[in-house]
*Asks:* 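Dumping the structure here so I can ask a few things about it.
The structure displayed is predicted, hence computed values, not measured ones.
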Amino acid sequence: MSTVSIVSITTVLSVHADEHPANMRRLTDRAMDLADHARHGYQVASTVTVTGEEGTILVDTLQKVEAGA
């Protein structure tokens, strides 16, 4: 029997121009988080983008299937 581990990574981006440097850091952190999880066997199962008046939220859901004993 296999088990599935699920992890989510949430990234919040602002629409305000003065937040551009912070948004770039957040996107860099997201990329590093995704790469780190990939090194540990996780794969992206889905990415959802939620757009609102104040910004955009990215929710990445990752999964890792592990063979059971």
*Asks:* Rounded at 0.5 Å granularity, tell me how far OG in Ser8 sits from CG in Leu62.
*Replies:*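 So the OG of Ser8 and the CG of Leu62 are separated by 8.5 Å.
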*Asks:* Between atom CD of Glu54 and atom OG of Ser14, what is the distance when rounded to the nearest 0.5 Å?
*Replies:* 6.5 Å
*Asks:* If you apply the rule salt bridge (Lys or Arg N to Asp or Glu O under 4.0 Å), what do you find for Asp36 with Arg39, and how did you get there?
*Replies:* CA-CA 5 Å; Asp36 184 50; Arg39 279 190 294 279; 3.5 Å; yes
*Asks:* When rounded to the nearest 0.5 angstrom, what is the spacing between CG in Asp29 and CZ in Arg25?
*Replies:*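 The CG atom of Asp29 sits 8.5 Å away from the CZ atom of Arg25.
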*Asks:* Do Ile57 and Leu13 have side chains that get closer than 4.5 Å, going by heavy atoms?
*Replies:* no
*Asks:* Between Val59 and Thr47, does the side chain to side chain contact (heavy atoms under 4.5 Å, CB included) criterion hold? Intermediate values first, please.
*Replies:* CA-CA 6 Å; Val59 181; Thr47 299; over 6 Å; no
*Asks:* Counting C-beta onward and ignoring hydrogens, is there a side-chain heavy-atom pair between Ser5 and Glu66 closer than 4.5 Å?
*Replies:* yes
*Asks:* For the NE2 atom on His16, are there more than 12 heavy atoms of other groups (residues, nucleotides or ligands in this structure) within a distance under 6.0 Å?
*Replies:* yes
*Asks:* State yes or no: do Val15 and Val50 share one hydrophobic cluster built from I, L, V, M, F, W and Y residues joined by side-chain heavy-atom distances below 4.5 Å, directly or via other members?
*Replies:* no
*Asks:* Provide the closest heavy-atom pair for Ala67 versus Ser2 in the form atom of the first, atom of the second, distance.
*Replies:* CA-OG, 4.1 Å
*Asks:* Look only at the side chain of Lys64 and the backbone of Val4, and say whether a donor-acceptor pair between them is shorter than 3.5 Å.
*Replies:* no
*Asks:* Between His37 and Gln43, is there a side-chain donor-acceptor contact under 3.5 Å, judged purely by atom types and distance?
*Replies:* no
*Asks:* Is it true that Arg26 and Glu19 make a salt bridge, defined as a side-chain N closer than 4.0 Å to a carboxylate O?
*Replies:* yes
*Asks:* Is there a path of hydrophobic side-chain contacts, each under 4.5 Å between heavy atoms of I/L/V/M/F/W/Y residues, joining Val7 to Val44?
*Replies:* yes
*Asks:* Looking at CG of Leu27 and CE of Met32, how far apart are the two atoms once the value is rounded to the nearest 0.5 Å?
*Replies:*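 Output value for this atom pair is 12.5 Å.
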*Asks:* Determine whether a donor-acceptor pair (N or O, by modelled atom type, separation under 3.5 Å) exists between the side chain of Asp60 and the backbone of Ser46.
*Replies:* no
*Asks:* Find out if a path of hydrophobic residues (ILVMFWY) with successive side-chain heavy-atom gaps under 4.5 Å connects Ile9 to Leu58.
*Replies:*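 No, it is not one cluster - the side chains of Ile9 and Leu58 are not joined through contacts under 4.5 Å.
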